[in-house]
Q: 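Once you've had a glance at the structure underneath, I'll fire off some questions.
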Amino acid sequence: MTTALDSINNRKPRVRFAPSPTGPLHIGGVRTALYNWLFAKKHGGTFILRIEDTDQQRFVPGAEEYIIETFKWLDIDFDEGVHIGGKFAPYRQSEREEIYMKYAQYLVENNWAYYAFDTPEALDEKRREFERRKETFQYGTLTRASMCNSLTLSAQEVNDKINTGTPYVIRFKYPDNHEIVVEDMIRGTVKVNSSLLDDKVLFKSDGMPTYHLANVVDDHLMEITHVIRGEEWLPSTPLHQMLYQAFDWTPPQFAHLPLLLKPDGNGKLSKRDGDRLGFPVFPLQWKDPQSRETSSGYRESGYLPDALINMLALLGWNPGTEQEIMSKDELIQLFSIEKVSKSGAKFNLEKAKWFNQQYIQKLSVKTLTEQFLLILKKHNIDAPAEYVENIVALVKERISFINDLWEESNFFFIAPTSFDEQIIKKRWKEDTPQRLKEIAQIIGETSPFQRDSLHNAISEYITQNNLNMGQIMNCLRLSLVGAAKGPDLFEIINLLGANEVVKRINNAISTIAKNNI
RNA sequence: GCCGCAUUCGUCUAGUUGGCCUAGGACGCAAGGUUUUCAUCCUUGAAAUCAGGGGUUCGAAUCCCCUAUGCGGUACCA
């Protein structure tokens, strides 16, 4: 048996991400792709995007485009795939339809598979019959002899059925009582006995292969060296292992990733959880073409691609050091399959926010300003770029998402019309209006009109009148901002300008007086 | 039901050749500090008897067995 290390040394790894286009890509799927990508990059290998659309019933229009757009956004690049081609094209299984039949037939000819003519109705009936006896029906070594298939029918009967167009499937024929051993790079050795397994359908009556056949055939044809996929595939890996044996092919190395769990309770993270707990489960926003229902995405929620990638990478993997913030390049350097953990990881919204905050802080004021200008436009605000840039510089350290910029600085663009009641109650005294009027006058007269000179002028007023900062600053802030929040007040005054400041002070005095009669 | 996988602070995890672990870090939480406010930031703190029980050993989170719990699979879905 070759080890993972051997094959890495012998040849460059080829890995694939193989989603099925049945809807928007789940964030767990994004992580699976990410691990594949990191693995490929780390070892100088090839990363492939293959679309597994063998289930025509579940096909959702737009899903494939969504997948491609997701990785474009994340800047995770494929070397081969549906959208870019490659020497093993086509990469869409529906376009490889004719390939699979001959492999299924090879299996039948070599006694590794058989035709089965049992109708879905007959199978349902069989299952119900077993259920009545409190048993579970299993189309396998114990029951296949009593079913309608090429093992029980004569060759003549089988031929007649096929020639007259009777629908049939091809099932895998497990050898009796055979111990199947799978080596997993993350979990070690996994053993299962063949008599416990179902004779899985490999080829459906609609002329398409099932996942099991298509996946093995394509992985072999595309020279995939490592299959890195979700843990939900672990139970069917013995079948895949047997398939490689039946074809006399060298199997790839397997690595089954732990699941992404919902933040509360247990179980796989699902679409519903996102809506329920207020965070996206999808990388991009998705409008369901059927129900027209919209699900939120990380991109639209203001997450930065690299922050998402960093967070996702650490959900189930850890470099073993205390470093948590890692660029894509560092991730590639540090990544190793062996360090992937075995148990499922719960998604944590707070930590996701923290990651984004870390990455936002690395962005330049210029970049943030460009983004913010777009947001301002949506709020119908047309402000000079220079002004906006000054504001961004001031509030940058307070934000975790680009969208927070608006929340943190909207008072720069729109004068407050209401004032925090709590603060009024606590700070607004009888002499406040008079004091503020005097402050307004001082501000109007301050020259040069700069942060430091404003600071000096107001401080001087405060000491001269035997006051302390708190007595003036809180109400002044309330007048200008409407609440007890925001950056340095003198900076605010400086940016707002004397006229606007005086206007706001007067407005606050009259509004608050009115409301307190 | 059957089969498989997993189980260290609330969460993500370090720990992997048994001793340096009176179990480390991060998020979150609490307290204090900085500040004119809020946030940031800084400091400190609480927080896992390593699922439980048996072994093996001078010594186990680390090895073995059992139990429990959780999850995954059990489709002519992937």
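None of the values given here were measured: they were computed from a predicted structure. Numbered from 1 within each chain, the chains take letters A, B, ... in sequence-line order.
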Q: Can a donor-acceptor pair be found between the side chains of A:Asp218 and A:Tyr91 at a distance below 3.5 Å?
A: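 Short answer, no.
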Q: Sort and list the pairs that fulfil side chain to side chain donor-acceptor pair (under 3.5 Å) and have at least one residue in residues 348-359 of chain A, not counting sequence neighbours.
A: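 Passing the test, one end in residues 348-359 of chain A: A:Asn310-A:Tyr359, A:Glu324-A:Lys351.
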Q: Would you please indicate yes or no on a ring centroid separation below 6.0 angstrom for A:Phe413 and A:Phe411?
A: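 Ring centres of A:Phe413 and A:Phe411 not closer than 6.0 Å.
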Q: What string of B, S and - do you get for nucleotides 37-49 of chain B, 5' to 3', when a contact is any protein heavy atom under 4.0 Å?
A: BBBB---------
Q: At under 4.0 Å between heavy atoms, what does A:Ser341 touch on the DNA or RNA strands: base, sugar-phosphate, or nothing?
A: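 Sugar-phosphate only.
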Q: Starting from P on B:U35, measure out to CG on A:Leu394 and report it in whole angstrom.
A: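 Those two atoms, CG and P, are 18 Å apart.
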Q: Separation of A:Glu350 atom CD from B:A30 atom P, in whole Å?
A: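 My rounded result for the distance is 12 Å.
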Q: Can you tell me how far P in B:G25 sits from the matching atom in B:U44, rounded to whole Å?
A: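 Looking at atom P only, B:G25 and B:U44 are 10 Å apart.
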Q: Find the distance A:Tyr174:OH to B:C2:P and express it as a whole number of Å.
A: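 These atoms are roughly 20 Å apart.
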Q: Could you check how far NZ of A:Lys262 sits from P of B:C12, rounded to whole Å?
A: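 Those two atoms, NZ and P, are 15 Å apart.
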Q: A:Tyr359 OH to B:C27 C1': how many Å, rounded?
A: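 Between C1' of B:C27 and OH of A:Tyr359: 15 Å.
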Q: Pick the C1' atom in B:G45 and in B:A51, then give their distance to the nearest Å.
A: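 Between the two C1' atoms, the distance is 27 Å.
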Q: Take the protein atom CG of A:Leu314 and the nucleotide atom C1' of B:U11, then report the distance between them rounded to whole Å.
A: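 Rounded to the whole Å, the gap is 13 Å.
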Q: Can you check the distance between B:A31 and B:U13, where both ends of the measurement are the P atom (answer in whole Å)?
A: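 After rounding to an integer number of Å, I get 29 Å for this pair.
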Q: Treating primed atoms plus P, OP1 and OP2 as sugar-phosphate and everything else as base, which nucleotides of nucleotides 15-25 of chain B get B, S or - for protein heavy atoms under 4.0 Å?
A: S--------SS
Q: Would you mind classifying the nucleic acid contact of A:Gly316 as base, sugar-phosphate or nothing, using non-hydrogen atoms under 4.0 angstrom?
A: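 Sugar-phosphate, no base atom in range.
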Q: Expressed as a whole number of Å, how far does the C1' atom of B:C21 sit from that of B:U62?
A: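 Straight-line distance between the two C1' atoms is 11 Å.
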Q: Between B:U22 and B:U49, how far apart are the two P atoms, rounded to whole Å?
A: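 Roughly 15 Å separates the two P atoms.
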Q: Assign a letter to each nucleotide of nucleotides 71-78 of chain B from its 5' end: B, base within under 4.0 Å of a protein heavy atom; S, sugar-phosphate only; -, no contact.
A: SBSS-BBB
Q: Taking salt bridge (charged side-chain N to carboxylate O under 4.0 Å, His left out) as the definition, give me every residue that meets it alongside A:Arg398, ordered by chain and number, with sequence neighbours left out.
A: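 Listed in chain order: A:Glu408.
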Q: Would the A:Phe401 and A:Tyr303 ring centres measure less than 6.0 Å apart?
A: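 Distance test on ring centres: under 6.0 Å, yes.
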Q: Could you check how far CG of A:Asn310 sits from C1' of B:C27, rounded to whole Å?
A: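 The distance from CG of A:Asn310 to C1' of B:C27 comes to 13 Å, rounded to the nearest Å.
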Q: Rounding to an integer number of angstrom, what distance separates B:G28 and B:G70 when you compare their C1' atoms?
A: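 My reading of the C1' atoms in B:G28 and B:G70 gives 24 Å.
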Q: Ring centres under 6.0 Å, that's the criterion: do A:Phe203 and A:Tyr103 meet it?
A: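 No: the rings miss the under 6.0 Å criterion.
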Q: Could you check, using the six-membered ring where one of them is a Trp, whether A:Tyr35 and A:Phe335 have ring centers closer than 6.0 angstrom?
A: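 Between A:Phe335 and A:Tyr35, which both carry aromatic rings, the centre distance is below 6.0 Å.
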Q: Under the rule for side chain to side chain donor-acceptor pair (under 3.5 Å), what residues qualify as partners of A:Ser301, not counting sequence neighbours?
A: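 Residues passing side chain to side chain donor-acceptor pair (under 3.5 Å) with A:Ser301: none at all.
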